[in-house]
Chemist: 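Next up is a structure, given as structure tokens.
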Amino acid sequence: VQLQASGGGWVQAGGFLRLSCAASGHTFSNYVMAWFRQAPGKERKFVARILRIPGTTYVADSVKGRFAVYRDNTKNINYLQMNNLKPEDAAVYYCAVSSKVLPTKEDQYDYWGQGTLVTVSS
């Protein structure tokens, strides 16, 4: 099982990026897919998740109204659309999947991607 995160890069404040998380080795249509991020010197934090039922999403308050998460189960891919990026959004972004119905902790996620770096300049 492998999760491959991509789409990170450098962007100016106010810009946008779309991250992708491609899953292989398993079909994750029945899994919760999520994104976390970790800024330098800080703990990893939850960003967004999308539940098994298509369209059921949840995003952290810090990114609400700017970030959206969606999935394409036919391609086993999860996306994080990030708009109006701010310098405080700069971090390594990780995708993860969970077999739990509603995971609430990091240790409830079964698989993790390697991370993709997002840099936002002011």
Side-chain angles (χ1 to χ4, degrees):
V1 175
Q2 187 175 18
L3 299 179
Q4 182 69 42
S6 61
W10 177 87
V11 64
Q12 286 188 322
F16 64 92
L17 287 172
R18 187 180 76 164
L19 305 184
S20 301
C21 178
S24 60
H26 191 77
T27 299
F28 289 102
S29 58
N30 290 326
Y31 281 64
V32 173
M33 306 185 85
W35 290 91
F36 293 79
R37 67 185 182 186
Q38 186 170 23
K42 297 186 177 180
E43 293 184 350
R44 188 162 57 189
K45 293 185 177 180
F46 168 81
V47 176
R49 67 169 174 251
I50 182 165
L51 304 186
R52 299 176 185 182
I53 301 173
T56 306
T57 64
Y58 178 79
V59 297
D61 287 343
S62 59
V63 303
K64 194 167 292 183
R66 300 186 297 119
F67 289 16
V69 58
Y70 56 102
R71 63 195 292 171
D72 185 340
N73 286 334
T74 64
K75 298 179 180 179
N76 236 13
I77 296 179
N78 166 37
Y79 302 96
L80 182 67
Q81 180 67 43
M82 307 187 296
N83 299 324
N84 189 21
L85 282 160
K86 302 178 180 180
E88 53 263 41
D89 295 320
V92 176
Y93 284 72
Y94 298 90
C95 60
V97 296
S98 173
S99 58
K100 301 290 185 184
V101 173
L102 187 61
T104 57
K105 300 178 181 179
E106 282 192 31
D107 61 8
Q108 294 179 331
Y109 285 85
D110 304 288
Y111 304 103
W112 291 80
Q114 84 290 358
T116 185
L117 178 63
V118 172
T119 304
V120 184
S121 63
S122 58

Chemist: Would you give the length of the straight line joining atom CZ of Arg71 to atom OG1 of Thr57, rounded to the nearest 0.5 angstrom?
Modeler: 11.5 Å

Chemist: Work out which heavy atom in Asn83 is nearest to a heavy atom in Phe16; give both atom names and the distance.
Modeler: OD1-CB, 3.5 Å

Chemist: In the structure I gave you, are the side-chain heavy atoms of Val69 and Asn78 within less than 4.5 Å of one another anywhere?
Modeler: yes

Chemist: Indicate every side-chain donor-acceptor pair of residues 90-100 with a distance under 3.5 Å to a residue at least two apart or in another chain.
Modeler:
{"unit_1": "Tyr93", "atom_1": "OH", "unit_2": "Arg37", "atom_2": "NH1", "d": "2.9"}
{"unit_1": "Tyr93", "atom_1": "OH", "unit_2": "Asp89", "atom_2": "O", "d": "2.6"}
{"unit_1": "Ser98", "atom_1": "OG", "unit_2": "Lys100", "atom_2": "N", "d": "3.0"}
{"unit_1": "Ser98", "atom_1": "OG", "unit_2": "Gln108", "atom_2": "O", "d": "2.6"}
{"unit_1": "Ser99", "atom_1": "OG", "unit_2": "Asp110", "atom_2": "OD2", "d": "3.0"}

Chemist: Nearest 0.5 angstrom please: Trp35 CH2 to Thr116 OG1, how far?
Modeler: 7.5 Å

Chemist: Using 30° and 60° as the class limits, which term best fits the ring planes of Phe36 and Trp112: parallel, tilted or perpendicular?
Modeler: tilted

Chemist: Mind checking the CG-CD spacing from Leu117 to Gln38? Nearest 0.5 Å is all I need.
Modeler: 11.5 Å

Chemist: Do Ile77 and Tyr70 share a hydrophobic cluster, counting only Ile, Leu, Val, Met, Phe, Trp and Tyr and linking them when any side-chain heavy atoms are less than 4.5 Å apart?
Modeler: yes

Chemist: Report yes if the side chains of Trp10 and Leu17 come closer than 4.5 Å at any heavy-atom pair, otherwise no.
Modeler: no

Chemist: Would a hydrophobic clustering, with Ile, Leu, Val, Met, Phe, Trp and Tyr connected at side-chain separations under 4.5 Å, put Tyr79 with Phe46?
Modeler: no

Chemist: Does Gln114 reach the side chain of Gln4, with side-chain heavy atoms less than 4.5 Å apart?
Modeler: yes

Chemist: Compare every heavy atom of Pro103 with every heavy atom of Tyr109, then report the nearest pair and how far apart it is.
Modeler: OH-CG, 3.4 Å

Chemist: Looking at every non-hydrogen atom in both residues, tell me the closest pair between Val118 and Gly8 and how far apart they are.
Modeler: CG2-CA, 4.1 Å

Chemist: List the atom of Pro87, the atom of Val120, and the distance in Å for their closest heavy-atom pair.
Modeler: N-CG1, 3.7 Å

Chemist: Would you mind telling me which of Lys86, Gln81, Met82 makes a side-chain contact (heavy atoms from CB on, under 4.5 Å) with Arg66?
Modeler: Lys86

Chemist: Under the criterion side chain to side chain contact (heavy atoms under 4.5 Å, CB included), I'd like the reasoning laid out for Leu102 against Leu51: C-alpha separation, chi angles, the key distance, then a yes or no.
Modeler: CA-CA 7 Å; Leu102 187 61; Leu51 304 186; 3.9 Å; yes

